[in-house]
Amino acid sequence: MTPDPHVTAALRPGVRCRLSARARAAQLTDRRHEEILTGLTGGQVAVLERLSSQECRLPVLRRMAGGGPFVDRLLDGGWVRQAVYAGADHLYSIEPVRPRTPPSPGRALSRFTVLRAVAGGLLLESPLAWADLRLHHDAVGRALGRLAGLAGAGASGPAARLLADLQYAGLTTADGEDEDLRLRQWQPHELWFHHRSRLTGRARAGVDFGATWWADGLFDQPPPTAAPRGDGIPLAAADPALVAKTDPSLGQVLRRRRSIREHDDANPITVGQLGEFLDRCGRVAHVTADGRQVTLPYPTAGSTGGLELYAVVRLVDGLSPGLYHYDGAAHRLHPLAAPEPAIRELLNRAADSAGVAAEPQVLVIVSARFGRVMWKYQTMGYGLILKNTGVLFHLMYLVATAMDLAPCALGAGDAELFSRAARLDPAAESSVGEFLLGSRPVDG
Ligand SMILES: Cc1cc2nc3c(=O)[nH]c(=O)nc-3n(C[C@H](O)[C@H](O)[C@H](O)COP(=O)(O)O)c2cc1C
């Protein structure tokens, strides 16, 4: 990259500057920050006017009366976007997402820094950085490759400037990034997921975050309940009068609830019990006329529903082994023609996850039809789906305990194996939770 770079500055998109030249004051705001500037000099008012109306060269701004420290203050507040040019070539822009934090030392890209395609270029960002770099020119890609060790070191001119700006933005790391638990504990995708599914500097609530209904008018929302696969086997419904008589009190259920990982194969769970369990955990109580809200035994974010229950059956009195989908609208079990090795593998992996030798009598798999939630909720949809899954897990624990069955949640399962076995498109629906269920051993 040649020749030497120059930098222009302007208020970044989304920043509003209300200026009162007479009061010599200004209010800078974006969606989450505000800064009031008072006692401004004429030169500082002129700096704000220039930044609000056009891109101007940074050194020119600094030379304006009272400009230097004032421009730094605006840069530190995260109000200003800087564009770096080499000659006429726009190389990249530094785009703050929050007020500035100290530069990160080091010449290597942080492992949390990711490069992704966006409209009009590439974006280099990290949840640890206060600013993104928006890349506009392929020469920057080559310079980044050098920093990532793909070519010889030795940056000069714009490449040296790029390194300094990556450090300035917080996108690089010193050797010690992973010495403490603080950062070592995070896998990049996990820190990104946490960062992006909460309200942080990049999120604009109601614009690209939250219940924005972004897909309304673009795509149909997936239906409130999954299409039945075949005729299915009707299940007996839980009898509310009997349940009221036989259920222990909530207090007793809460005291008794434990994870039980092994089952009594001499007296296996019956199809009647499985039907009652599914009725009390997954039966659809009501769907609104527009299909947007579903009432279930457990709450879901915005009543969007979208979780499906599958049963991998090894040993159930009255039911053949195999993989079944539970139709919560019709209260039926639909056998799926899953290959036997896949079923054995699912049961085997579940036993491994639970650290026991015996496979469960039933492995309940919770899957998500992602579009039910993501059609309405932007950026935080997957986080909500996992929260819904946690709510359902707890309900399954309580119902199983009340029914004197053996429950145990699992932390992980093979989503690809499940999608193949159930013949699902994993981008549309895939497993998000696994749960062991069976008869309670006498001493359990
Ligand atoms: C989200 C979640 C994931 C879990 N994952 C597993 C697992 O993979 N294997 C396992 O044996 N137990 C798993 N458990 C069960 C916990 O180990 C158990 O709840 C915990 O040890 C407390 O014991 P208790 O349920 O008997 O009170 C999980 C529980 C939850 C809530």
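None of the values given here were measured: they were computed from a predicted structure. One-based numbering, in listed order, for ligands and for the atoms of each. Because only heavy atoms are used, hydrogens play no part in the values below, and waters and symmetry mates are left out as well, while side chains stay in.
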message = Please list all pairs meeting ring-ring contact (aromatic ring centres under 6.0 Å, His included) that have one or both residues in residues 327-350, counting only residues at least two apart or in different chains.
response = Tyr326-His331
query = Taking only residues two or more places apart in sequence or in another chain, which ones pass salt bridge (charged side-chain N to carboxylate O under 4.0 Å, His left out) with Asp132?
reply = Arg202
task = State whether Asp414 and Arg349 are salt-bridged, where the test is any N-O pair (Lys NZ or Arg NE/NH1/NH2 against Asp/Glu carboxylate O) under 4.0 Å.
result = yes
query = Who's touching ligand 1 if we go heavy atoms under 4.0 Å?
reply = Arg257, Arg258, Ser259, Arg261, Ser353, Ala354, Tyr397, Cys408, Ala409, Leu410, Gly411
key: Within residues 254-293 or reaching into it, pairs that qualify as ring-ring contact (aromatic ring centres under 6.0 Å, His included) - sequence neighbours excluded   = none
ask   = Phe209 versus Gln378: any side-chain heavy-atom pair under 4.5 Å?
value = no
ask   = Heavy atoms, side chains only, cut-off 4.5 Å: are Leu363 and Ile365 in contact?
value = yes
